[in-house]
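The structure under discussion appears below in the form of structure tokens.
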Amino acid sequence: MASELTLYNSLTREKEVFKPLTEGRVGMYVCGPTVYSDVHLGNCRTFVSFDVIYRYLMHQGFQVRYVRNITDVGHLEGDSDDVDAEDKISKKARLEALEPMEIAQKYANGFHDMMRVFNTLRPSIEPRATGHIPEQIKMVQDIIDNGFAYEVNGSVYFDTLKFIEQKDAYGKLSGRKVDELMAESRDDLKNQSEKKHPADFAIWMKAAPSHLMRWSSPWSDGFPGWHLECSAMSTKYLGETFDIHGGGNDLKFPHHENEIAQNVGSCNHAGARYWLHTNMLLMNGRKMSKSDGNTITPTQLFTGDSPHVSKGYSPMVVKFFMLQSHYRSTLDLTNEALAAAEKGYRRLMEANQVLQEMRFTGNHQSGALDQDINGLLDRVTYEMNDDFNTPKALAVLFELVTKINSFKGGQLTMEGLTPSTFQRLQETFTVFIQDVFALENELVSAGGNDEFEVLDGVMKMVIELRAQARANKDWGTADKIRDTLNELKVVLKDGKEGTSWGVE
RNA sequence: GGUUGGGUGGCCGAGUGGCUAGGCAGAGGUCUGCAAAACCUCGUACGGCGGUUCGAAUCCGCUCCCAACCUCCA
């Protein structure tokens, strides 16, 4: 069941075989957060999705340069091209009485902490918009030189109408109808706007006197427009043409559409060849919205401090929950679904523990079982190659979980299984759970290793005492041990080869 | 209103012309001193109405509903 890596390209709306520009290497750019407030849970889903994509690409042997930016300037509140609009970071700085850079650092730190909690890898390069002002100024100049931008009172606007007329590259990604964009009357513009056409957008903005973040440029003391940083930084680190560009679905328009326009407008290359977009995270069937209370922060979700959940769900449970749906589908967060994910996560992790401690007991003959298991193992990769289908890959792992538990429980023997297939089973679980999905085992790691060693030793003694009581048919003592532990949320599991324990 | 993507069993969620998705919950059974865990078996499903087809949840048309974007947002 060999298969090629195929991915859904938003640009063509089709699944395409992935062929990198340079054999064996992948350049991937993902739009990172604007660091003006705590990271949104939906944001976490996007970055968890791309982390798995990054990890899977590396697992497939690609050398990946993963660039994920931090936007710390240019992103405006309200009408993005209104000269009076306030920068998100600046506004927050004013509200919290901090320097803009303090705001950016504070929320970037929070973002990084959360990414660590979700056990995601750091990108290869994490460039900041404020660290790339010269690059952005140069790109503005290039766009002006190519005739696709104009200056008004120190601000520079992208000439979308002219771009549409001369280049057949606008509206493709988002499905916007260019005719309709062009038909929009200039009368629609408010009188105070400097733009020639409603579809034009700022690439450099002159800063109002009160504006805190400002840099000198050929046009004015000002700051770069939102969209521009991604075009400039992706070009700098990945080149004028690169492989993959990712981001949330809501960024398709205008952000990504304008990014493409800037890339083509400055150097006549469209940038990314494959566009990947993650879908939205809903809660109780509706979009998360602060205004009507339908929202939850990652921290609230972990602690259970929210009316939307009956208890806290650990980061790995939340991550597993996310991976049980495809990144291109909306995902509905409900208390019930999380509770189900928690059980599923535990079942998977416990089976993996069992598997890694299991010893081969087969007869070294290759039979139907060998074929069966190898077929399932092939399928894990096959499903991941199909546009990173994590829910299907997990479904296959669960089919293998049943086999693993059956080996342990004695319902199935390893007859007909070869040692190499058994070893492959162990390796595949390790690779996908640890390296690709990066699900940490929270069942045993809580409290640190030293504490765990002590606790495990104590538990082994308690289990031994109970075993003796049971051997003596002293059911009262045996049950008292079990029930008391249960009250402490410690669960004993009697198996064929002894008793194991876990924390509920 | 325009653009994009959806509506699948009690819940979440894959799939996409004939072949069990999977997880959780539920029912019955095996195991067990009793339980739990594990294993086996089972049920109700593809929003509605038409059409194409030997056959449609899957394709086409119409219709209803939901979400996102078009305005800050992953």
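Below, read A as the first sequence line, B as the second, and so on, with proteins coming before strands; counting in each chain starts at 1.
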Report yes if at least one side-chain N or O of A:Asn249 is closer than 4.0 Å to OP1 or OP2 of B:rC69; otherwise report no. no
Answer yes or no for A:Arg68 and A:Phe47: cation-pi contact, defined as NZ/CZ to six-membered ring centre under 6.0 Å and angle to ring axis within 45°. yes
Face-to-face contact A:Phe398 to B:rG23 six-ring, under 5.5 Å, under 30°: no
As a test of understanding, state which of A:His245, A:Lys252, A:His256 forms a side chain to side chain donor-acceptor pair (under 3.5 Å) with A:His277. A:His256
N/O donor-acceptor pair under 3.5 Å between A:Thr278 side chain and A:Thr46 backbone: no
Expressed as a whole number of Å, how far does the C1' atom of B:rG10 sit from that of B:rA25? 7 Å
On the side chain of A:Arg347, is there an atom forming a donor-acceptor pair with the base of B:rC24 - under 3.5 Å, no angle test? no
When you measure from the side-chain N and O atoms of A:Lys252 to the phosphate of B:rU3, is any distance below 4.0 Å, counting only OP1 and OP2? no
A:Ser329 side chain N/O closer than 4.0 Å to the phosphate oxygens (OP1, OP2) of B:rG5? no
Determine: side-chain N/O of A:Asn389 to OP1/OP2 of B:rA21, distance under 4.0 Å, yes or no. no
Polar pair under 3.5 Å, donor/acceptor by atom type, side chain A:Asp479, base B:rG33: yes
Test: A:Arg328 cationic atom under 6.0 Å from A:Tyr8 six-membered ring centre, within 45° of axis: yes
